[in-house]
Amino acid sequence: MKQIIYADNAATTKLNREAFEAMIPWLTEEYGNASQPYSFARKPKQALANARVSIAKCINAEPDEIYFTSGGTESDNWAIKGLAFSDWSKCATITSAIEHHAVLRACESIEKLGYPVAYLSVTPTGVITPESLEAVITRETRLVSIMYANNEIGTIQPIKKLAEIAHAHGALFHTDAVQALGHVDIDVKNLNVDLLSASAHKFNGPKGVGFLYIKKGIEISPYANGGAQERGFRAGTENIAGIVGMATALEDNCAKISVNTNHIKMLEAKLLEALDDAEVDYIRNGDENHIPGNISLSFRGNDGETLLHRLDLMGIIISTGSACDSVNSQISHVIKEIGLDEDYAYGTIRVSLSPENSLDDIEQIAKALIKITKNQEID
Ligand code: PLP
């Protein structure tokens, strides 16, 4: 395979080797259905229970507060729709204008059914302020859903404070932590969130599996009706190999957060330093408080999609923003919302690093960006 420099880790990550190996027995030898009463189902059932315990430990939750899903999209949809549908007398939702489409489209769908939704604006660095929530929250608000960290610009939100405001008004609080879990320490009790969405493939686990943390005692409608899996709230035969892989990857990532953060932050600084030294005209988007390695850059007078393809030809994989927006070269909803000048906005790319990236990778990315944006010949 052609050697590439992979720098699109916010879109997806490489599967952890240990997670891959932990998955194999559940795909080959121990393929029993965990819902069956016979002895061949005992080990898969135990594997599910063990995964629930280890995932709960990583976020300081209780095992029976973890509900396995097919990933971030499903977890977000469940949180938004499940809460709106659970109490008709108090069914308003508040979210932000920069959420992932999994939240935004779920909100649009409940709006069509008559459930009110309010969308909070953000500051120019992409922060949702406590004051903006205070201004719109009412006693009719059932749910406030604000992402832990933005997928395009990396900004981390003041989740604890926002959750406190929600609770003070009798509302519940959900956070889409898909970009954050496994990359920053998350403690659901300390944050006092009621629901949290996660997706395994963003923390070196397999694709198509995730979970929704639901605090004990919260009333929520089931996501899928059918069998009794996930205590009757999310029917469907469990993806045991995926769940085991997710638990292994999460445990490994959480144990390495501080080492990984130091390495990635060093790489991040080197990239920006190289661009500054070469006097490239760019803006780095997002807040100082951001997910390590999520670097949103807007190059003046450039086109993000052209940058993506030229870098691709040089073996460098980045994105123009959100993975799902990469088919059209428009300004993304997030870049629009932070109010970036159009001269820069069209030239936006997202470089997202992992602990596997090296200093040499960064030098090559910087060299390529300098060549392209300064119209130099490419060797
Ligand atoms: N939420 C955020 C913030 C994301 O970045 C993503 C994926 O890019 C999702 C939700 C959707 O997750 P999944 O790919 O597991 O459906």
Side-chain angles (χ1 to χ4, degrees), residues 6-15 19 55 66-82 95-109 119 122 126-128 145-157 159 162 174-184 186 193 195-213 223-224 234 236 239 242-243 245-247 249-250 253 285-287 290-296 317-327 332-335 337 350-354:
Y6 185 73
D8 195 19
N9 290 278
T12 198
T13 55
K14 183 174 166 182
L15 182 62
I55 287 172
I66 304 298
Y67 292 80
F68 297 126
T69 66
S70 65
T73 301
E74 183 184 321
S75 299
D76 286 343
N77 271 266
W78 185 7
I80 303 289
K81 295 172 188 168
T95 189
S96 85
I98 61 161
E99 298 296 310
H100 188 271
H101 284 130
V103 166
L104 292 177
R105 300 271 186 262
C107 284
E108 283 167 21
S109 83
Y119 299 87
V122 303
V127 177
I128 294 131
S145 176
I146 303 291
M147 67 202 319
Y148 192 103
N150 184 264
N151 47 304
E152 291 189 37
I153 57 175
T155 298
I156 293 177
Q157 303 299 338
I159 295 299
L162 296 169
H174 164 248
T175 187
D176 171 347
V178 166
Q179 288 291 329
L181 190 61
H183 306 287
V184 294
I186 290 186
V193 296
L195 301 102
L196 176 144
S197 299
S199 174
H201 75 101
K202 307 287 187 179
F203 52 77
N204 306 94
K207 292 171 180 59
V209 61
F211 69 89
L212 180 64
Y213 156 79
Y223 185 71
R234 199 274 187 181
N239 171 5
I243 290 165
M246 167 164 68
L250 184 59
N253 265 36
N285 304 304
D287 199 68
H290 64 268
I291 288 296
N294 183 317
I295 314 167
S296 169
I317 311 300
I318 54 96
S319 79
T320 50
S322 157
C324 8
D325 279 341
S326 57
V327 280
S332 80
H333 69 291
V334 176
I335 296 298
E337 185 56 33
R350 178 188 65 190
V351 177
S352 49
L353 305 174
S354 86

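As the structure lists them, so they are numbered: ligands from 1, and atoms in each ligand from 1. Bear in mind that the values here come from a model prediction, so they are computed numbers and not experimental data. In what follows, residues are counted from 1 in the order of the sequence shown. Keep in mind that the numbers below use all heavy atoms, side chains included, and drop hydrogens, waters and symmetry copies.
Close approach to T73 involves these atoms of ligand 1, each under 4.0 Å from a residue heavy atom: 11 (C), 12 (O), 13 (P), 16 (O). Per-residue contacts place S199 under 4.0 angstrom from the following atoms of ligand 1 (heavy atoms of the residue considered): 13 (P), 15 (O). Ligand 1 places these atoms under 4.0 Å from at least one heavy atom of D76: 1 (N), 10 (C). The G71 neighbourhood of ligand 1 comprises atoms 15 (O), with distances under 4.0 Å to a heavy atom of that residue.
In terms of polar-atom proximity, A149 is not counted as a contact of ligand 1, lacking any N or O under 3.5 Å from an N or O of the ligand. Considering both main-chain and side-chain atoms, S70 never comes within under 3.5 Å of ligand 1 through any nitrogen or oxygen pair.
In this structure, H201 counts as a contact residue of ligand 1, since one of its heavy atoms falls inside 4.0 Å of the ligand. For E74, the closest heavy-atom approach to ligand 1 does not fall below 4.0 Å.
Residues V209 and G242 share a closest heavy-atom pair of CG1-O, 3.6 Å. Contact detail for E99 and I146: the closest heavy-atom pair is OE2-CA, 3.5 Å.
Atom CZ of F68 and atom CD1 of I243 lie 5.0 Å apart (nearest 0.5 Å). For the atom pair OH of Y213 and OG of S75, the computed distance is 14.0 Å after rounding to the nearest 0.5 Å. How far CG of L104 is from CG of D76: 9.5 Å, rounded to the nearest 0.5 Å.
The residue among H100, M147, E152 with a heavy atom at the shortest distance from atom 6 (C) of ligand 1 is H100. Comparing Q179, K202, H101, E99 by heavy-atom distance to atom 5 (O) of ligand 1, the nearest is Q179.
A donor-acceptor contact closer than 3.5 angstrom links the side chains of S332 and E152. Counting only N and O atoms by type, the side chains of T12 and K207 include a donor and acceptor under 3.5 Å apart.
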